[in-house]
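Report on the structure given below.
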Amino acid sequence: MFVDEAIIHVKAGDGGAGCVSFRREKYVPKGGPDGGDGGHGGNIIFVADPNKNTLLDFAGRHHWHAQRGQSGMGKKCSGESGEDLVIPVPLGTLIFDTDKHVLLADLEIEGKRVTICKAGRGGLGNTNFKTSVNQAPRYAQPGTEGEERNLRLELKLIADVGLVGMPNAGKSTLLRAVSAAKPKVVDYPFTTLEPQLGIAELVGGRRIVLADIPGLIEGAQHGAGLGIAFLKHIERTKVIVHLLDLYPSDESDPAENYRTIRGELEAFSPELANKHEIVAANKMDLAIDSEAIDKLREALPDKEIFAISGVSREGVEPLLETIWRLLKELRHNEPEPESSTPSLPVDSEPS
Ligand SMILES: Nc1nc2c(ncn2[C@@H]2O[C@H](COP(=O)(O)OP(=O)(O)OP(=O)(O)O)[C@@H](O)[C@H]2O)c(=O)[nH]1
Ligand SMILES: [Mg+2]
């Protein structure tokens with residue numbers, strides 16, 4: 001099951017009450033006030049955790065409360081502070097306050113922490129209120145209440161893989177074949193006008209998020225076809241799958257088409273062009289020319305080329321497994337998140 005939305009209630013811990021107490025010891029008459037302060041409550045903090053990829057944790061649990069602070073005690077003992085409740089969510093989680101209708105946080109970056117509800121402060125014990133005129137205050141502060149909010153969590157998918165290729169290469173067909181997404185497929189170039197995401201589910205609960213985008217043609221960098229601006233939608237993917245029509249209906253050469261698209265990617269951004277690329281020759285099921293795949297491999301000797309068919313699904317599973325392995329390697333090699341990422345107090349967020 002893929003859960004991409006959750007409604008929950010969160011509450012930070014209340015502060016503990018300050019204590020009213022007086023020192024009582026033998027030979028120390030009128031020992032004075034000794035009531036300790038209450039402890040602070042725990043904050044509610046959300047953190048973007050790369051090991052999470054669904055909001056499933058929230059499906060069975062509606063209330064998330066941080067610990068309250070303990071009350072102060074005699075002998076100037078402060079109450080213990082409550083622990084913060086740190087809630088891990090997948091990267092790309094948006095947090096909305098459903099009562100105020102505002103976006104509180106966008107947890108896109110690995111390790112980002114945001115304090116969503118501030119804890120209550122502990123109250124001061126009566127020790128603090130001793131003055132020259134009131135040596136025995138019978139007053140201590142109560143703790144303040146921890147903030148609470150009703151939240152809607154929404155998981156905005158961030159694609160792992162971008163599908164690029166010429167119009168009609170079969171990008172949308174491939175996305176339909178591997179996911180529940182239903183992009184339009186027509187035997188006509190420029191069918192896809194808007195990027196579309198789909199989730200491929202692999203055995204063992206593994207998921208790959210793929211982005212299908214419009215086709216690219218020669219001169220797209222100068223505005224030909226649909227241009228190249230939509231490539232920004234795959235700028236943050238880790239891998240691109242470059243799909244080639246093995247039997248283009250205009251009888252163009254797949255290897256030439258490959259180079260054309262590479263040129264357009266490079267023109268858009270060297271960063272995008274330098275992403276890990278997997279090349280797949282599509283429409284194998286047509287089997288028009290049994291030598292076509294070998295010719296393509298000869299023409300692009302540095303590339304491992306997957307032979308697939310989005311229609312018959314041949315070769316699709318090995319392709320997905322390779323993508324998965326590559327993603328895993330790339331995740332593994334990523335630098336650790338900066339632990340110094342400051343937690344944003346909720347005050348600095350829109351409220
Ligand atoms: N025989 C065969 N036809 C395919 C295959 N994949 C796609 N097609 C056909 O190729 C045509 C274009 O497929 P699409 O999936 O729409 O291609 P696209 O790359 O998304 O095209 P744009 O959105 O225009 O960029 C359709 O008629 C598909 O049925 C395949 O593996 N085998
Ligand atoms: Mg398409």
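As the structure lists them, so they are numbered: ligands from 1, and atoms in each ligand from 1. Here the structure is a predicted model, which is why all the values come from computation and not from measurement.
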Any cation-pi pair here, R331 with W324, using under 6.0 Å and within 45°? yes

Using a 4.0 Å heavy-atom threshold (strictly under), name the region of [X] that reaches ligand 1: side chain, backbone, both or neither.
X: N282; answer: side chain
X: S172; answer: both
X: T191; answer: both

Any side-chain heavy-atom pair from [X] and [Y] closer than 4.5 angstrom?
X: P167; Y: I217; answer: yes
X: P90; Y: L55; answer: yes
X: V114; Y: I95; answer: no
X: P248; Y: P254; answer: yes
X: Q221; Y: E266; answer: no

Measure the distance from [atom] to every protein heavy atom, then report the residue, atom name and distance (to 0.1 Å) of the closest one.
atom: atom 25 (O) of ligand 1; answer: K171 NZ, 2.9 Å
atom: atom 5 (C) of ligand 1; answer: V311 CG2, 3.5 Å
atom: atom 10 (O) of ligand 1; answer: K283 NZ, 3.1 Å
atom: atom 21 (O) of ligand 1; answer: N168 N, 2.9 Å
atom: atom 31 (O) of ligand 1; answer: G310 N, 2.9 Å
atom: atom 28 (C) of ligand 1; answer: V185 CG1, 3.6 Å
atom: atom 15 (O) of ligand 1; answer: T173 OG1, 2.5 Å

Kindly work out whether a path of hydrophobic side-chain contacts (I/L/V/M/F/W/Y, heavy atoms less than 4.5 Å apart) joins I228 to L163.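 Different clusters.
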
Report whether Y247 and L300 are members of the same hydrophobic cluster (ILVMFWY, side-chain heavy atoms less than 4.5 Å apart, transitive linking).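 Hydrophobic grouping puts Y247 with L300.
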
Kindly determine whether K11 and E147 satisfy salt bridge (Lys or Arg N to Asp or Glu O under 4.0 Å), including the steps that lead there. CA-CA 6 Å; K11 183 176 186 321; E147 286 181 326; over 6 Å; no

Would you call the rings of W64 and F58 parallel, tilted or perpendicular, taking 30° and 60° as the class edges?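 The rings of W64 and F58 sit tilted, inter-plane angle from 30° to 60°.
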
Quick check: H242 with Y258 (ring centres under 6.0 Å apart)? yes

Counting each atom of ligand 1 from 1 as listed, which ones have a heavy atom of [X] under 4.0 Å away?
X: G215; result: 25 (O)
X: Y188; result: 24 (O)
X: P189; result: 24 (O)
X: G170; result: 6 (N), 7 (C), 13 (O), 14 (P), 15 (O), 17 (O), 18 (P), 19 (O)
X: V186; result: 11 (C), 12 (C), 16 (O), 26 (C), 27 (O)
X: D285; result: 1 (N), 2 (C), 30 (C), 31 (O), 32 (N)

Are any of the N or O atoms of [X] closer than 3.5 Å to those of ligand 1?
X: I213; value: no
X: L286; value: no
X: F190; value: yes

Does any donor atom in the side chain of H9 or H62 lie under 3.5 Å from an acceptor atom in the other side chain? no

T192 OG1 to S172 OG via the Mg ion (ligand 2), rounded to 10°, gives 90°

Grab the two heavy atoms, one from D97 and one from L151, that are nearest each other, plus how far apart they are. CA-CD2, 4.3 Å

Going by heavy atoms, is A169 under 4.0 Å from ligand 1?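 True for this residue.
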
